[in-house]
4 protein chains.
Amino acid sequence: MASVKTRLIFRAAVDVFSERGFEKATMDEIAAKARVAKGTIYYHFKSKEELFVFLVEQGTELLHENVLSHLTEEMDAQEKIREIIRAQLAFFTAYRDFCIIILRETWGDEARHREFRRMLVHYVHSIRQVIEQGIEEQVFSVENAEIAAWSLFGSTSITALHHLFADKTVDLVALAPAMQEIALGGLHAKEIT
Amino acid sequence: MASVKTRLIFRAAVDVFSERGFEKATMDEIAAKARVAKGTIYYHFKSKEELFVFLVEQGTELLHENVLSHLTEEMDAQEKIREIIRAQLAFFTAYRDFCIIILRETWGDEARHREFRRMLVHYVHSIRQVIEQGIEEQVFSVENAEIAAWSLFGSTSITALHHLFADKTVDLVALAPAMQEIALGGLHAKEIT
Amino acid sequence: MASVKTRLIFRAAVDVFSERGFEKATMDEIAAKARVAKGTIYYHFKSKEELFVFLVEQGTELLHENVLSHLTEEMDAQEKIREIIRAQLAFFTAYRDFCIIILRETWGDEARHREFRRMLVHYVHSIRQVIEQGIEEQVFSVENAEIAAWSLFGSTSITALHHLFADKTVDLVALAPAMQEIALGGLHAKEIT
Amino acid sequence: MASVKTRLIFRAAVDVFSERGFEKATMDEIAAKARVAKGTIYYHFKSKEELFVFLVEQGTELLHENVLSHLTEEMDAQEKIREIIRAQLAFFTAYRDFCIIILRETWGDEARHREFRRMLVHYVHSIRQVIEQGIEEQVFSVENAEIAAWSLFGSTSITALHHLFADKTVDLVALAPAMQEIALGGLHAKEIT
DNA sequence: AATGAATGAGATTTCATTCAT
DNA sequence: GATGAATGAAATCTCATTCAT
């Protein structure tokens, strides 16, 4: 990732893949947008697939970091859930393209799809741990923590996607209070603040 | 849709599109699976795109019917929400392929994507009306009905998709109680039964 | 040619072939324009090629008739040339489509092209006979009657085509005096009247 | 046009297009004749149409140059007309294929046809200017210079085409004296030499 | 490290023709 | 006599990948 060219290619790839989807994106367009020769991409990445996987790996990692890095030990489970939702919406606003890529290229049977699901499962697992903490602390009384975690992720991301496509310039963070209220209700948080 | 061949093509198309996605699906494979000549598909459908749009239209309509047809006037808002979740999970179990297609091919900027979003918006609007009814009847106290509707759809469908890919033979209806509990909590239903 | 359907097909074919050319014309469009089923065309004509050849045969025959039928025994060679030019321009105005077809589909190496050239050669031969008559009668002093005949046909038809495409509603007969003057000059007619 | 492959493609295209016509010519045949891969043609030319238009442009330009470059200031109008006819016949002999292409693909309503007519009109306009010069110099007494120019072009090219197809190895320049005599007669040149 | 011309497999689409009714 | 659903060969065009420079 150190090379200047690599970074140029990376940025261009995010752009093109999110706009076109994996299949419709062409190496030609990526090369043109990155202002490098097509051969250069193949010098740095073995194939279109590898470039794409690399890109989604980075994106998922970034999501993980962005969302979970704001959680501190002092926060209680409720605060953490609030923060997860806020941070995820902020991430989706900042990295609209990743958001689209991740949700669109996750549901299929090719190697790449499975790889992406693995990363997603990992992320949702972190949410689940927060929920389980809340159940232990008896602030949440939801029964099935796994389903609760997927519900949280699903509602946040689909709502975000819908708004991103309905209005390209929307600031999703403004939706945070409404989504937090719904999510915490869904977890049967003991005191709604 | 009356013709025998048309039905064969339709079924094969659902299969192939859901397995491969729109771009990777080929007319050759659809023709082979339907056991008709490639030209026959083009005799009945103007293009790959048209075939696909027709197919999604039918699917969305079916979803709409399946889910909303079980709602009766006697039901209160809570019962309706419960039923929507149950019916949607049943639909996703029965028509796994449509579920995948609808969620995967909705997020993009091509004409087809916009068309699909329009259909989805229509469906979510129906959910929203039930939520608004509940607010009026003062059984729900959620603030933003639109976001609540999208959350409900998002959590149900992403959770369903995850389980469909994690375990091909899962009966999603078994997840209904857990999802209903979470959803009604999110709507701040007055009495949880 | 007696059948009603045959006539419908014939008319539609002239339309479509002249608008699209032989290759781009489709049996579907001809059938649609004739308001008969595609199979019906094949009931009356063995193939697209046969339909086309039939059509050009008719057209060339019509050209032959239209142009030569006005020539009478009393006319001298000069009057005949004048009449040929006038009649040919009138024909091109009335049957614009044939004019285009004949000139476009004559120059090639397929069986059909050779067939058309044969018909054209036949037509030009008739013009040549008039010129030879004039030479015998010593009103024309041109050396090479064959070249003179092709020149006459070439100048008239290309000029006509150009004007037909430059202005769809042009009445070519208005060009007759100018073209007659040039043609008779080219034949070195003894007295220009 | 510099690249070796481009030249190979160009030559092959002229061959195939003139033998088959635009519609019947296939990229496969052109590629085979040029001994390059089909993709290579598309690397250099955006489409079959673009390749064809490029080719006709070059051809028309060449015709223009070949014919008009021999005209010098010292020549009087009669000499110029003689030279135009001779040069055009020489060009048609040397570039038989262009001759066929230009005349066959000019009469139609598609963008490409209109483009070709535009080029032809430009060429005929040059002939017309020579005729007008002759009228001014009072060596020609023809009334309508435009029609005279089209007649000259039409008679020369159709006569040439006929002879090219009647006898593949004909040297059209041998026809020059006969055609010049006719043409100058048509223009009512004052002294026939 | 970087380039970009060249490739060829494979995709969508068209359409003359056939044939059972 | 007439129909139109069905066919499949063949056409244009795309694009990931390679490789000589």
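Naming convention: chains lettered A, B, ... in sequence-line order (proteins, then strands); numbering from 1 in each chain.
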Is there a side-chain polar atom (N or O) of [X] under 4.0 Å from OP1 or OP2 of [N]?
X       : N      : value
D:Thr26 : F:dA11 : no
D:Tyr42 : F:dC13 : yes
A:Lys5  : E:dT3  : yes
C:Tyr43 : F:dA2  : no

query = Looking at D:Arg104, D:Lys168, D:Arg20, D:Lys24, which one forms a salt bridge (Lys or Arg N to Asp or Glu O under 4.0 Å) with C:Asp109?
reply =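 Single pass found, and it is D:Lys168.
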task = Check if the side chain of B:Lys38 and the base of E:dT13 share a donor-acceptor pair of N or O atoms closer than 3.5 Å.
result =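 Pair found.
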query = Using purine N1 to pyrimidine N3 plus N6-O4 or O6-N4 for Watson-Crick, or N1-O2 and O6-N3 for G-U wobble, each under 3.5 Å, what pairs with E:dT12?
reply =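 Base-paired to F:dA11.
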key: Pairing nucleotide - F:dA20, Watson-Crick or G-U, each distance under 3.5 Å   =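 Across all strands, the one nucleotide that pairs with F:dA20 is E:dT3.
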Given atom [atom1] of [X] and atom [atom2] of [N], what is their separation to the nearest angstrom?
X       : N      : atom1 : atom2 : result
B:Arg35 : F:dG8  : CZ    : P     : 14 Å
B:Phe22 : E:dT12 : CZ    : C1'   : 10 Å
A:Ile30 : F:dT14 : CD1   : C1'   : 15 Å
A:Lys48 : F:dT14 : NZ    : P     : 15 Å
A:Ile41 : E:dT3  : CD1   : P     : 10 Å
B:His44 : F:dT7  : NE2   : P     : 8 Å
B:Lys46 : E:dC15 : NZ    : P     : 15 Å
A:Lys24 : F:dA16 : NZ    : P     : 12 Å

query = Considering all heavy atoms of both residues, which atom of A:Ser18 and which atom of A:Ile100 are nearest to each other, and what is their separation?
reply =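 Heavy atoms only, the tightest pair is O-CG2, 4.1 Å.
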query = On DNA chain E, nearest-nucleotide positions of C:Glu23 versus A:Val36: which is more 5'?
reply =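 By nearest-heavy-atom nucleotide position, the 5'-most residue is A:Val36.
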request  = Could you check whether the rings of D:Phe52 and D:Phe116 sit parallel, tilted or perpendicular, using 30° and 60° as the cut-offs?
outcome  =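 Answer is perpendicular, since the angle exceeds 60°.
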Parallel, tilted or perpendicular, as decided by the 30° and 60° cut-offs, for the rings of C:Tyr123 and C:His64 =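 Rings of C:His64 and C:Tyr123: perpendicular, as their planes differ by over 60°.
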task = For residues A:Phe10 and A:Phe45, determine if any side-chain heavy atom of one lies less than 4.5 Å from a side-chain heavy atom of the other.
result =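 A:Phe10 vs A:Phe45: side chains apart.
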query = With no hydrogens and no angle check, is any side-chain donor or acceptor of B:Arg112 less than 3.5 Å from a backbone partner on B:Val53?
reply =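 No, the answer is negative, given that no donor and acceptor are paired below the 3.5 Å cut-off.
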request  = Could you please name the option among E:dG8, E:dT13, E:dA2 that lies closest to any side-chain atom of D:Ala37?
outcome  =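 Of the options given, the side chain of D:Ala37 lies nearest E:dG8.
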message = The side chain of A:Met27 is closest to which nucleotide in this list: E:dA2, F:dT17, E:dT7?
response =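 Nearest nucleotide to the side chain: F:dT17.
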key: Closest-nucleotide 5' rank along DNA chain F - winner of A:Asp28 and C:Thr40   =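 Of the two residues, C:Thr40 wins.
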query = Is A:Ala32 touching bases, backbone alone, or none of the nucleic acid, heavy atoms closer than 4.0 Å?
reply =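 If one applies the 4.0 Å heavy-atom cut-off, A:Ala32 turns out to touch nothing in the nucleic acid.
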task = Describe the nucleic acid contact of C:Ala25 in one word from base, sugar-phosphate, nothing, applying a heavy-atom distance below 4.0 Å.
result =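 If one applies the 4.0 Å heavy-atom cut-off, C:Ala25 turns out to touch the sugar-phosphate alone, with no base involved.
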